[in-house]
Amino acid sequence: MNFSREEVDAARRTVHAVMPATPQYAWPLLRERLGMTVWVKHENHTPAGAFKVRGGLTYFAGLAASGVGTRGVITATRGNHGQSVGFAARKHGLAATIVVPRGNSIEKNAAMRALGVELIEHGEDFQAAREYASGLAAQQGLHMVPSFDRGLIKGVMTYWLEFFESFERGEEPEVVFVPIGQGSGFCAAVAARAHTGARSALIGVVSAHATTYLDSFRARKVIEAPVTTVLADGMACRIADQEALDVVLREAEDIVTVTDEEVAHAMRVMFADTHNVAEGAGAAGLAAAMQQRGRWQGRSVGVALTGGNVDSAVFARVLSSS
């Protein structure tokens, strides 16, 4: 998935009008622990605490530029996409309805409500919530904001541009571990790599308890898989998006899985070694780097701390376990 220079420049302007570039560091304690240089891109430092807000900004900018009127927008989410939509909708003066599955993160729900959205709880998982949101969109004449879309990827791409452009050509990490939920983050990394000419290999990371993208990668077609992760809700995808899968099949060096236990350990390591809070999906890249460190000893790798929006009670349990 490629973008023209004009599209890239416009996306940067849209995102950076609202927020600065997020920091990235090669933390010394991570280097000591893993035996390799680990560059961490801190998307937990955005105004919504996760990378998704970038995509909402560019999607709504495109919606406004299209001249297509709408009485309001609706979407489904486990949290970060909903905050992105709520943040951008408020900026553009649009009413937003967000559908989440029952039992969703208490604090993510509160963060969305604080942005002025109408929050509806429906269904047992993200797919059920999305199907319900689609039905409401048709019934009420609302614009359905998808979870995967070129307009979203254009904004998400800006954080990967910041990452790759921070290195001299040829000095970028040899491999970057990219969490995959619905696929926008991976596709954005591919687009940014192509735009910058970076040569990092891209390894997708999925939850071992939500394997649609791994199963689909192996079968080379969309395979539905059950979702049982209780920690990595940002990767709790039951059905891979065909367009995203096409990009993954073409561009991924590999797909690896991380268990909830590995994710919890990575959350503890991230906090101990960098004093940053990572939600489950936000720690998945580091979990994969730790799992795969035997292959990359003495080399340079990149991970994105994609979000820090974890409920306090959940994080307390993670930190107190071992």
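Treat the numbers as computed from the prediction; the structure is a model and nothing was measured.
- A cation-pi contact, defined as under 6.0 Å to the ring centre and within 45° of the axis, is absent between R90 and F60.
- Y213 contributes a side-chain N or O that, together with a main-chain N or O of Q182, makes up a donor-acceptor pair within less than 3.5 Å.
- Residue E279 forms a side chain to side chain contact (heavy atoms under 4.5 Å, CB included) with just one option from N80, V263, N44, and that option is N80.
- M270 and V256 fall within the same hydrophobic cluster, where Ile, Leu, Val, Met, Phe, Trp and Tyr residues are linked whenever their side-chain heavy atoms come under 4.5 Å apart, directly or through other members.
- A donor-acceptor pair under 3.5 Å is formed between the side chain of D311 and the backbone N or O of I106.
- Within the 3.5 Å criterion, the main-chain N or O of A129 finds no donor-acceptor partner in the side chain of E131.
- M157 and V190 fall into different hydrophobic clusters, defined by Ile, Leu, Val, Met, Phe, Trp and Tyr side-chain heavy atoms under 4.5 Å apart, directly or through other members.
- Counting heavy atoms of neighbouring residues, nucleotides and ligands inside a 6.0 Å radius, atom CZ of R220 does not exceed 12 of them.
- Within the 4.5 Å cutoff, the side chain of K52 has no heavy atoms near those of the V156 side chain.
- A salt bridge does not link R199 with E174: every distance from a Lys NZ or Arg NE/NH1/NH2 to an Asp or Glu carboxylate oxygen is 4.0 Å or more.
- Checking side-chain atoms of Q297 against main-chain N and O of R293 turns up a donor-acceptor pair under 3.5 Å.
- Once rounded to the nearest 0.5 Å, the distance linking CZ of R5 with CG of D9 reads 6.5 Å.
- Contact check for F148 versus L152: no side-chain heavy atoms found under the 4.5 Å cut-off.
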### Task
Please lay out, stage by stage, how H45 and N276 fare under the test side-chain hydrogen bond (donor to acceptor under 3.5 Å, both in side chains).
CA-CA 10 Å; H45 290 192; N276 277 264; 3.1 Å; yes
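- Under the 4.5 Å side-chain criterion, counting only non-hydrogen atoms from C-beta, S200 is in contact with F164.
- Under a hydrophobic-cluster definition in which Ile, Leu, Val, Met, Phe, Trp and Tyr are linked whenever side-chain heavy atoms come within less than 4.5 Å, directly or via other members, W160 and V8 are assigned to different clusters.
- Using a 4.0 Å cut-off between charged side-chain N and carboxylate O, E162 and K41 make a salt bridge.
- Classification of the Y25-H42 ring pair by plane angle, with boundaries at 30° and 60°, yields tilted.
- Note on I255: it does not cluster hydrophobically with V227, by side-chain heavy-atom contacts below 4.5 Å among ILVMFWY residues.
- Between F271 and H275, the two ring planes are tilted [angle within 30° to 60°].
- The same ILVMFWY cluster, assembled from side-chain heavy atoms under 4.5 Å apart, contains both L231 and V258.
- The pair E118-R113 does not count as a salt bridge, with every side-chain nitrogen at least 4.0 angstrom from each carboxylate oxygen.
- Of all heavy-atom pairs spanning T75 and V145, the tightest one is OG1-O, 2.6 Å.
- Salt bridge absent: E124 and R238 never bring a charged side-chain N and a carboxylate O closer than 4.0 Å.
- Using a distance-only test at 3.5 Å, with no hydrogens or angles considered, a donor-acceptor pair links the side chain of T77 to the main chain of G82.
- Atom CZ of R299 is surrounded by more than 12 heavy atoms from other residues, nucleotides or ligands within 6.0 Å.
- The six-membered or imidazole ring of F167 lies near that of W39, with a centre-to-centre distance under 6.0 Å.
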### Task
Apply the test side-chain hydrogen bond (donor to acceptor under 3.5 Å, both in side chains) to residues R268 and S321: give CA-CA distance (whole Å), side-chain angles for both, the deciding distance (0.1 Å), then the verdict.
CA-CA 9 Å; R268 290 190 292 271; S321 61; 3.0 Å; yes
### Task
Applying side chain to side chain contact (heavy atoms under 4.5 Å, CB included), run through N104 and R78 and close with a yes or a no.
CA-CA 6 Å; N104 197 53; R78 290 299 301 265; 3.0 Å; yes
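- Annotation for C187 and V247: closest pair SG-CB, 3.7 Å, computed over non-hydrogen atoms.
- One N or O on the side chain of E262 and one on the backbone of T259 form a donor-acceptor pair closer than 3.5 Å.
- Although no hydrogens or angles enter the test, the distance criterion places a donor-acceptor pair under 3.5 Å between the side chain of E107 and the main chain of S312.
- Taking both residues in full, the closest heavy atoms of A225 and T211 are given as CB-OG1, 3.6 Å, listed atom of the first, atom of the second, then distance.
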### Task
For the pair V206 and F217, evaluate side chain to side chain contact (heavy atoms under 4.5 Å, CB included) and give the outcome as yes or no after the intermediate values.
CA-CA 11 Å; V206 302; F217 182 72; over 6 Å; no
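- Judged purely by atom type and a 3.5 angstrom limit, T212 uses its side chain to pair as donor or acceptor with the backbone of I223.
- Residue-environment remark: CD (E243) stays at or below the threshold of 12 foreign heavy atoms within 6.0 Å.
- The heavy-atom pair separating K154 from T58 by the smallest distance is C-OG1, 4.0 Å.
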#### Entry: Test log, rule side-chain hydrogen bond (donor to acceptor under 3.5 Å, both in side chains), inputs Q127 and R130
CA-CA 5 Å; Q127 189 64 29; R130 181 163 69 173; 3.1 Å; yes
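- At distances below 3.5 Å, at least one donor-acceptor pair connects side-chain atoms of D260 with backbone N or O atoms of V230.
- Panel note: side chain R102, backbone D125; no donor-acceptor pair is recorded below 3.5 Å.
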